[in-house]
Amino acid sequence: MIDVRLLRNTPDAVRAAIARRAKPDLLEQIDHAIRLDTRLRDIVVERDEVRRQVNDFSKQVGALRKAGDTAGAESLMGQSRDLGARENGLAAESDEVEAALREVLLRIPNIPHNDAPNGTGDHDNPVVVGPNNLPASFPDHQRVPHWETAQQLGILDNERAVKISGAMFTMQRGLGATLARALCQYALDMNADAFEEVRPPSLVTSATLTATGQLPKFADDAYSIERDDLWCIPTAEVPLTSIYAGEILHDHEMPKRLMAYSPCYRREAGSAGRDTRGMLRAHEFDKVEILALALPEQAPDLLLELRNRAERLISGLELPYRIIEICTGDLGQSHHRSFDIEVYAPGCDAWLEVSSVSWFSDYQARRADIRVKRGTQKGTEIAHTLNGSALAVPRVWAAILENFREEDGSVTVPAVLRPYMRGAERIARP
RNA sequence: GGAGAGGUGCCAGAGUGGCCGAAUGGGGCGCCCUGCUAAGGCGUUGUCCGUGUUAAAGCGGACCGUGGGUUCAAAUCCCACCCUCUCCGCCA
C-alpha cells in the first residue's frame, strides 16, 4: 500500500508518479481514494468528539451515583444514551468508509522509483548488463529444444506428470531430478555467507497473501484451498516477507537477510496452451528466493547486492545472460524498481526470464505492518522489503540442457553443480 | 478429532463493571551515590489515528488474542472465532 498521507499531502506528485505506469484508469482510483480519505477524516473527527462527550458523561454518572444522586445520574444516562446512538451511526459510517478506502488502496500500485525508465510495456525494458557469455554463433547440436534432448536422455517425463496431475505439470527423473535439486543447493550454498536459510510453510493465510500484494487483485493466479482457507504460495517471497508481520524490529538488526528454497504454485490463468512443452511454464516449480528487510537508506545498495548475487549464480553456471531493467509500464503492482535476468536458450532461440530482483519500498511492509524503531527514538517507521529469485529451477534447467548439449546428444553438467550431483560430469543416454 | 486450562504492556504477573493505559516485580533508559565494580536511591519507559506546530509540546480518540454483542460506562459480562498449553485419539 502506498502511504495515504502522501496522497493527502502531495496528491499531484502521486498522480504524476503513478501516471508513469501508463495505465490511465489508475488516476481515477487515486482520486477515488482521496475523496474517501477526506470523507473518512471528517467522520472520524466528529465520531471522536461524540465519544469524548460520552466518556465525559459516563464519568459524571459514576460520580453522581457514588454521591447518591440517582435522579441526576438517570438524567445524564438518558442524554448519554442519545449521544451513544449518534456515535453508533458515525462509527458504522467510518468503518464503512475505512473499509472502502482500504479496498481501493490495496489495488493502487506502488510508486515507481525515479530511476525506473519510462515505458509502456516490456518492449521498452532496456538491457543494462550484457549480453555476457554469448557466443557469436551456436552449433547445430545446441539448436535442439530441451524437451527433445530431455526425452532422448530419459530425464523428463511430462506425459506421466500430466497423467498424475493434469496439464502443465512436469516431472524430472534420474539425473534430471538430481540436476533440479542440485540447482537449489547450489543457489542456497552460494548465499549462505550472508543469508539465513529458512524452510517456510508453503500454504499461507489470506492475510499473508495480501501482504505481498497477490491479493486481492490477483486471486485468480493463485491456488486456493477453500476448505481450510489457505493458499499455495506462488513464491517463497510470500511467507518470508510475512515472517516479521505485525512486529517492530530494531535498527541495529537491520538489514535482515533471508533465503529459502520452496516449491512455487501458479495457476497460470490465461496461459493455457502457451509454452506447454518442456519446462518453460508449469503450475508447480522449485525456486530459491533471497530476501531482505531493510532501513530505507539501506535499500538501494541491497537491490544491487541481490542483483549481483543472482547474476553471480547464472554467470557461475557459464550460461549466456543479460540483465534488463523493468520500465514503468511493465513494473509489477508492488514493485518500486526491478531488474530481470534473462538466460539465452539456443534450442528455443529465446531469452528466458530466470530471475527477477525487486525493491518494494515500504509498499509490502505497510501491508504486512513491519516496522522499525531507531535506537530510543520515539515512534516507528515502515521497513523496506526487497527480494529476488536467486534461481528459478525450470528455465535454468532448460537453458543448461540447450547450452551444454554435446554433439552426441549428451549434456555436460556445469562444473559448479557436479558436487551436488554425486560427481556426475555428464548426462548421457541410458 | 475429544476433554480441560489459558491468552493483559519489553518480560513475569495482578486486576471480575466506573477511581484501569492498567498495581507490583524484573528489564531498559536517565540522573544521583561510588576510586572501579557490585549493591542502593530517585525519575522515566508502548503503539496507532486525528488535531495542532517550522518542529514540538499540548489536546481528543482507539488499543488488555481477533471480531461481534450487552451497558450511560467493558481488560472485567455474553457470543463466535483464532492461538498456546496439558491429557486422550490419530498419524509421517
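Note: hydrogens, waters and symmetry copies are ignored here, and every other heavy atom, side chains too, is used. The chains referred to below are lettered A, B, ... by the order of the sequence lines, with proteins before strands, and numbering in each begins at 1.
- When the side-chain nitrogen and oxygen atoms of A:R65 are compared with OP1 and OP2 of B:A73, none of them lie within a distance under 4.0 Å.
- Within the structure, every side-chain polar atom (N or O) of A:S80 is placed at least 4.0 Å from both OP1 and OP2 of B:A73.
- On the C1' atoms, B:G41 is 50 Å away from B:G68, given to the nearest whole Å.
- Residue-level contact check: A:V61 touches the bases, meaning some heavy atom is under 4.0 Å from a base atom.
- The interatomic distance linking A:I382 (CD1) with B:U47 (P) rounds to 13 Å, in whole Å.
- Here the closest heavy-atom approach between residue A:N110 and residue A:H336 is recorded as ND2-CB, 3.6 Å.
- Comparing B:A73, B:G60, B:U47 by their closest approach to the side chain of A:R52 singles out B:G60.
- Taking a pair to require two hydrogen-bonding distances under 3.5 Å in either a Watson-Crick or a G-U wobble arrangement, B:U53 remains unpaired.
- In this model, the phosphate group of B:A73 is not approached by any side-chain N or O of A:N55 to a distance below 4.0 Å at OP1 or OP2.
- We find that CD of A:Q53 is positioned 14 Å from P of B:A73, with the value rounded to whole Å.
- Rounded to an integer number of Å, the gap from A:Q60 CD to B:C19 C1' is 15 Å.
- Rounded to whole Å, the P atom of B:G13 lies 16 Å from the corresponding atom of B:C85.
- One C1' atom belongs to B:A74, the other to B:U8, and the distance between them is 14 Å to the nearest Å.
- Between A:D48 and A:G379, the residue anchored closer to the 5' end of RNA chain B is A:G379, taking for each the nucleotide with the nearest heavy atom.
- B:A23 and B:G2 have their C1' atoms separated by 39 Å, with the value rounded to a whole Å.
- Aromatic pair A:H335/A:F360: centroids less than 6.0 angstrom apart.
- For B:U34, there is no paired base (Watson-Crick or G-U wobble, both distances below 3.5 Å).
- Residue A:R5 places at least one side-chain N or O closer than 4.0 Å to OP1 or OP2 of B:C49.
- The gap from the P atom of B:C29 to that of B:U86 amounts to 35 Å, rounded to the nearest Å.
- Each of A:T385, A:T208, A:L258 was scored for a side chain to side chain contact (heavy atoms under 4.5 Å, CB included) with A:T241, with one residue passing: A:T385.
- Within the structure, every side-chain polar atom (N or O) of A:K373 is placed at least 4.0 Å from both OP1 and OP2 of B:G46.
- A salt bridge between A:R374 and A:E297 is present, with a side-chain N of the basic residue lying under 4.0 Å from a carboxylate O of the acidic one.
- In this structure, A:E46 atom CD and B:G50 atom C1' are separated by 14 Å, rounded to whole Å.
- If you measure from atom CD1 of A:I43 to atom P of B:U51, you get 14 Å, rounded to the nearest angstrom.
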In sequence, state the C-alpha distance, the side-chain angles, and the governing distance for A:L417 and A:I400, and then conclude on side-chain contact (heavy atoms from CB on, under 4.5 Å).
CA-CA 11 Å; A:L417 295 180; A:I400 288 173; 3.9 Å; yes
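- The gap from the P atom of B:U76 to that of B:G65 amounts to 8 Å, rounded to the nearest Å.
- For A:R41, whose side chain is taken as the heavy atoms from C-beta onward, the closest listed nucleotide among B:C72, B:U47, B:U51 is B:U51.
- Both distances falling under 3.5 Å, in either a Watson-Crick or a G-U wobble arrangement, occur for no nucleotide opposite B:A14.
- The CZ-P distance, from A:R367 to B:C48, rounds to 20 Å in whole Å.
- One atom, CG of A:L249, and another, P of B:U47, lie 14 Å apart when rounded to the nearest Å.
- Taking atom C1' in both B:A12 and B:G7, the straight-line distance is 14 Å, to the nearest Å.
- A:K287 places a side-chain heavy atom less than 4.5 Å from the side chain of A:T235.
- At least one side-chain nitrogen or oxygen of A:R371 sits closer than 4.0 Å to the OP1 or OP2 atom of B:C48.
- Residue-to-nucleotide proximity on RNA chain B shows that, of A:E381 and A:F57, the 5′-proximal contact is made by A:E381.
- Between the C1' atoms of B:C49 and B:C31, the separation comes to 34 Å (whole Å).
- If you check distances only, the side chain of A:R51 never reaches the base of B:G60 with a donor-acceptor pair under 3.5 Å.
- The closest donor-acceptor contact from the side chain of A:R15 to the backbone of A:L27 lies at 3.5 Å or more, if one exists at all.
- One atom, CD of A:Q79, and another, C1' of B:C72, lie 10 Å apart when rounded to the nearest Å.
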